[in-house]
Amino acid sequence: MGSLDGRVVLITGAGRGIGREEALFFAAEGAKVVVNDPGVAIDGSGGDAGVAGAVVEEIVARGGQAVANTDSVADWRGAQRMVDAALRTYGDLHVVVNNATIERNRALVDLNEEEFDDVIAVKLKGTFSVTRWAARHWRERFEAGIRVDRAVINTSSGSGLLNPLPTQASYAAGNAGVAAMTIIGALELGRYGVRVNCISPSMARTRLTLEVPGMGEEPPADGFDPLHPSTSAPIAAYLATAACPLTGQVLSVRGGSVAVNHGWSRGGHVHKDGRWTVGELAAQLPEVPMDDPFGKLADALGSALGRTGHARIQEMINALLDQGAHSG
Ligand SMILES: NC(=O)c1ccc[n+]([C@@H]2O[C@H](COP(=O)([O-])OP(=O)(O)OC[C@H]3O[C@@H](n4cnc5c(N)ncnc54)[C@H](O)[C@@H]3O)[C@@H](O)[C@H]2O)c1
């Protein structure tokens, strides 16, 4: 008996990295999996139909059930086709895991329109499109009297939630949008029996993170590998189980730690019974305790932010921004 016996699951970007591990794990837990992946490069260029096919072969070789789909989540009709692939092959769809991403990291001042749009098209609009086509089917089934637990599991990133990183204006904006859309989805789709949650993996060894210091090192020969891309698969699988009560949650996953995020929250405030003048605001607002974006980045990097720490963080940002500057 697997925890996902009988569940039909569509996983986007399931040909590599975290999505591939989710596909293997879900199938081992008894799910029938639509493995979506056009097999593109990190920047979204090219394509290789064999990437999704290889994961399907691996699942089938282990005795599981899976089918490949190579549409792009950035293509509105492609998103519909991958939902249809589940319905056509397995007769229903219970779970969507929105995992696909690309990255085009560059200084905001150098980022061009196409680079910005392409990342948003996959990460943010892709999450919307696949969810929307699945939700159409779920509403129809619900109105036909069929009551089954359905689930969406979105994928966000610390870059977008806790520590937006320099050079990631589009990627961070997309990921922050995915977290916001998770809450909207939970509020709107609950009436059709659909739960919507989000995982935010961190420091998983995939092609996206190989250049992060420490990530390229050899994994431990045995025992738990906290950087392995499979660490978030059981958390996604739990959210996919029919008995899971969670909805509207964004969970950060790092190695063996799973944290509930509380999102943006109101901090200190100033108040006046009437409209402010600019001068009054200038006198009072800077006195309210505020987050320092440099401090947040320093925390994320595990360093203290004294005066010299601040200079070090600025140097690091400058070095990142100067890569590929003035091009495009
Ligand atoms: N690796 C990490 O540490 C980390 C950290 C934070 C968040 N994430 C998130 O986890 C998810 C998976 O990342 P990963 O590290 O496994 O990346 P990855 O590059 O290894 O895998 C992403 C997959 O998505 C596919 N893809 C790209 N564009 C697509 C499209 N238009 N339609 C369908 N599939 C498409 C790619 O072909 C690729 O196989 C992403 O949403 C990413 O933002 C990862």
Side-chain angles (χ1 to χ4, degrees), residues 10-24 34-55 68-79 81-83 85 96-105 117-130 153-165 168 170-179 182 198-216 225-233 235-236 250-255 261 300:
L10 162 61
I11 307 178
T12 71
R16 301 189 184 95
I18 291 170
R20 174 179 172 277
E21 296 294 341
E22 287 170 339
L24 296 171
V34 179
V35 175
N36 158 262
D37 206 308
V40 295
I42 290 179
D43 66 0
S45 62
D48 177 356
V51 168
V55 177
N69 169 279
T70 57
D71 279 303
S72 165
V73 298
D75 172 355
W76 181 245
R77 291 293 164 192
R81 278 193 297 271
M82 59 187 83
V83 168
V96 167
V97 180
N98 288 303
N99 164 78
T101 205
I102 61 168
E103 278 188 6
R104 298 271 187 102
N105 295 341
D117 286 350
D118 285 354
V119 172
I120 296 295
V122 176
K123 181 43 102 161
L124 185 56
K125 187 185 157 208
T127 295
F128 162 67
S129 303
V130 180
I153 296 134
N154 292 329
T155 311
S156 187
S157 167
S159 178
L161 299 180
L162 304 171
N163 47 285
L165 295 173
Q168 296 196 330
S170 53
Y171 181 73
N175 279 304
V178 164
T182 299
C198 182
I199 59 167
S200 173
S202 178
M203 297 291 277
R205 193 187 300 104
T206 71
R207 62 181 186 169
L208 293 188
T209 54
L210 278 184
E211 283 172 20
V212 174
M215 293 298 281
D225 172 9
L227 306 182
H228 197 274
S230 65
T231 56
S232 39
I235 292 91
V250 180
L251 306 178
S252 286
V253 183
R254 182 170 185 162
N261 284 303

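Position 1 is the first residue of the sequence, and the numbers go up from there. Every number for a ligand or one of its atoms is a count from 1 in the order of the listing.
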*Asks:* If we only consider heavy atoms of D37, is any one of them less than 4.0 Å away from an atom in ligand 1?
*Replies:* yes
*Asks:* Heavy-atom contacts under 4.0 Å between V40 and ligand 1: side chain, backbone, both, or neither?
*Replies:* both
*Asks:* Regarding atom 7 (C) of ligand 1: of the candidates G44, S200, S156, which has the closest heavy atom?
*Replies:* S156
*Asks:* So is there a nitrogen or oxygen of V73 less than 3.5 Å from a nitrogen or oxygen in ligand 1?
*Replies:* yes
*Asks:* Distance to 0.1 Å, residue and atom name: give those for the protein heavy atom nearest to atom 15 (O) of ligand 1.
*Replies:* T206 OG1, 2.6 Å
*Asks:* Judging by distance only, is a nitrogen or oxygen of S157 under 3.5 angstrom from one on ligand 1?
*Replies:* no
*Asks:* Just distances here: any N/O of N175 and N/O of ligand 1 closer than 3.5 Å?
*Replies:* no
*Asks:* So, does N36 sit close enough to ligand 1 that a heavy atom of it is under 4.0 Å from the ligand?
*Replies:* yes
*Asks:* Which heavy atom of the protein is the closest neighbour of atom 34 (N) of ligand 1, given with residue, atom name and distance?
*Replies:* P38 CD, 3.1 Å
*Asks:* Quick check: closest heavy atoms across L124 and G174, and the distance to 0.1 Å?
*Replies:* CD1-O, 3.8 Å
*Asks:* Do the non-hydrogen side-chain atoms of K123 and I102 ever get within less than 4.5 Å of each other?
*Replies:* no
*Asks:* At a non-hydrogen distance cut-off of under 4.0 Å, which region of I102 contacts ligand 1 (side chain, backbone, both, or neither)?
*Replies:* side chain
*Asks:* Looking only at distance, does R207 have an N or O less than 3.5 Å from an N or O of ligand 1?
*Replies:* yes
*Asks:* Just by modelled atom types, is the A204 backbone N or O under 3.5 Å from a matching donor or acceptor in the T209 side chain?
*Replies:* yes
*Asks:* I'd like to know if R205 and D225 make a salt bridge, using a cut-off of under 4.0 Å between side-chain N and carboxylate O.
*Replies:* yes
*Asks:* So, does D37 use its side chain to make a donor-acceptor pair with the main chain of A52 at under 3.5 Å?
*Replies:* no
*Asks:* Can a donor-acceptor pair be found, under 3.5 Å and without considering hydrogens, that links the side chain of T155 to the backbone of N98?
*Replies:* yes
*Asks:* To which protein heavy atom is atom 22 (C) of ligand 1 closest, and what is the distance rounded to 0.1 Å?
*Replies:* T101 O, 4.1 Å
*Asks:* What atoms of ligand 1 come closer than 4.0 angstrom to any heavy atom of G39?
*Replies:* 37 (O)
*Asks:* Is a side-chain donor or acceptor of N175 paired with a backbone partner of Y171 at a separation under 3.5 angstrom?
*Replies:* yes
*Asks:* Mark yes or no for whether N99, through its side chain, and G13, through its backbone, hold a donor-acceptor pair below 3.5 Å.
*Replies:* yes
*Asks:* If you have a sec, work out which protein heavy atom is nearest atom 42 (C) of ligand 1 and how many Å separate them, to one decimal?
*Replies:* Y171 OH, 3.3 Å
*Asks:* Nearest to atom 40 (C) of ligand 1, what protein heavy atom do you find, and at what distance?
*Replies:* N99 O, 3.2 Å
*Asks:* Taking R81 first and then D75, would you say they form a salt bridge - that is, a charged N and a carboxylate O separated by under 4.0 Å?
*Replies:* yes
*Asks:* Which pair of non-hydrogen atoms, one from D43 and one from R104, has the smallest distance, and what is that distance?
*Replies:* O-NE, 2.8 Å
*Asks:* Is a side-chain donor or acceptor of T12 paired with a backbone partner of A100 at a separation under 3.5 angstrom?
*Replies:* yes
*Asks:* Around atom 3 (O) of ligand 1, find the nearest protein heavy atom and jot down its residue, atom name and distance.
*Replies:* A204 N, 2.8 Å
*Asks:* Can you tell me which residue and heavy atom of the protein come closest to atom 31 (N) of ligand 1, and the distance to 0.1 Å?
*Replies:* S72 OG, 2.9 Å
*Asks:* Could you tell me, atom by atom, which parts of ligand 1 come under 4.0 Å of a heavy atom of M203?
*Replies:* 3 (O)
*Asks:* Looking at ligand 1, does any of its N/O atoms fall within less than 3.5 Å of an N/O of P201?
*Replies:* no
*Asks:* Nearest protein heavy atom to atom 16 (O) of ligand 1, by residue and atom, and its distance?
*Replies:* I18 N, 2.8 Å
*Asks:* Return yes if some donor-acceptor pair links the side-chain N/O of R254 with the main-chain N/O of S202 below 3.5 Å, else return no.
*Replies:* no
